[in-house]
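Throughout, a chain's letter reflects where its sequence line sits, starting with A, and its residues are numbered from 1.
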There are 2 protein chains.
Amino acid sequence: MEIDTATTSTTWTIGELADEFGVTHRTIRFYEDQGLVTPERRGTARVFHVRDRVRLALVLRGKRLGFDLGQIRRIVDMYDEEPGEEGQLRYFLEQIAARRAELEQRRQDIETTLTELAEVERRARETLTNLH
Amino acid sequence: MEIDTATTSTTWTIGELADEFGVTHRTIRFYEDQGLVTPERRGTARVFHVRDRVRLALVLRGKRLGFDLGQIRRIVDMYDEEPGEEGQLRYFLEQIAARRAELEQRRQDIETTLTELAEVERRARETLTNLH
DNA sequence: TCTTACCTTTACGTTAACGTCAAGGAGAAG
DNA sequence: CTTCTCCTTGACGTTAACGTAAAGGTAAGA
């Protein structure tokens, strides 16, 4: 019997998330092992809440960026870090600065590559028009 | 006896390139296996020319971007593609468009992440000033 | 009650990208 | 000739990030 799926559900099964994000169950379970998501357990079954959904999205974005799961975890964990005391906050800000430096290096690499590819493309188009 | 290292050498040994780029001999040899660099052979020894040096730099930039060696090869090979006939040129332009799409997706992901990290940082700084 | 769909754990298999010996060659210096 | 230094070719080892069976639990519907 159906209980409540009329109101857009605020929890998900592993299969729903897998379908939505285009990954396998195995992948999500692996991420749970790594502590990237922490679904509730009802009996033996996993119940994913909004927090898990958000974190999963962040993880997959990290993967698109080519970070390994270690780096990704460090970034994702920043999103729901507890305030803490001064020393910890300063350390936290250092970490953010480090991640940002990596990201900006990457952005620079991308800009350069895009520029170069544009030049390669220009030459190709030139050769192409010269054929006619 | 020394022969000619006064005039900046236009060729390199595997060790020189390894030192310069901060990778091991093994890595460079592996890249040779994959066809990413194609050093000349003098007897049994490898002699790297400017082309290899450039390609190695491109490969390492690709790695920083988180591409796997397959993707990297596809990008790097574009840099010294021969003109060819029309069909090939059109296919080539398609490939460029595809690589560009990937790179732009990544850039978008980076922008988003940087924006979010800035917000996280702002909140951390706020908490920090409120401590005093 | 039986089937079907979806879930579970356990555990070995796989691929990429090198790391790490092992054993030896080639040439310049002393 | 011996000693270094730097190079060479195998070839097996390692880590990350899952893939892929195997074997079974549970709840809804026919």
Expressed as a whole number of angstroms, how long is the span from [X]:[atom1] to [N]:[atom2]?
X	N	atom1	atom2	answer
A:I28	C:dC7	CD1	C1'	13 Å
B:I72	C:dC18	CD1	C1'	13 Å
B:I14	D:dT5	CD1	C1'	15 Å
B:L36	C:dA16	CG	P	13 Å
A:D33	D:dC18	CG	P	12 Å
A:E32	D:dA17	CD	P	17 Å
B:F30	C:dC18	CZ	P	6 Å
A:D19	C:dA5	CG	C1'	13 Å

What residues, two or more places apart in sequence or in another chain, satisfy salt bridge (charged side-chain N to carboxylate O under 4.0 Å, His left out) together with [X]?
X	answer
B:D77	B:R55
A:R99	A:E102
B:R42	B:E40
A:E94	none

query: Could B:E119 and B:R122 be called an ion pair, given the rule that one side-chain N must be under 4.0 Å from one carboxylate O?
result: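 B:R122 and B:E119: salt-bridged.
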message: Are B:Y79 and A:I110 connected into the same hydrophobic cluster when the rule is that any two of I, L, V, M, F, W, Y join if their side-chain heavy atoms are below 4.5 Å apart?
response: yes
Looking at [X], does any N or O in its side chain come under 4.0 Å of the phosphate oxygens OP1/OP2 on [N]?
X	N	result
B:R46	D:dC7	no
A:R41	C:dT9	yes
A:Y31	D:dC18	yes
B:H25	D:dC6	no
A:T27	D:dG19	yes

For [X], what residues pass the side chain to side chain contact (heavy atoms under 4.5 Å, CB included) criterion, not counting sequence neighbours?
X	answer
B:E32	B:V37, B:P39, B:R41, B:R46
A:R125	A:E121, B:L93
B:Q108	B:E111, B:T112

message: Quick check for you: among C:dC18, D:dC7, D:dT9, whose closest atom lies nearest to any side-chain atom of B:R29?
response: D:dT9
Residues touching DNA chain D, which here means a heavy atom under 4.0 Å, drawn from residues 49-71 of chain A: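 Nucleic-acid contacts, sorted: A:K63, A:D68, A:L69.
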Protein N or O to nucleotides 20-25 of chain C N or O, pairs below 3.5 Å:
from: C:dT20; atom 1: O4; to: B:R26; atom 2: NE; distance (Å): 3.2

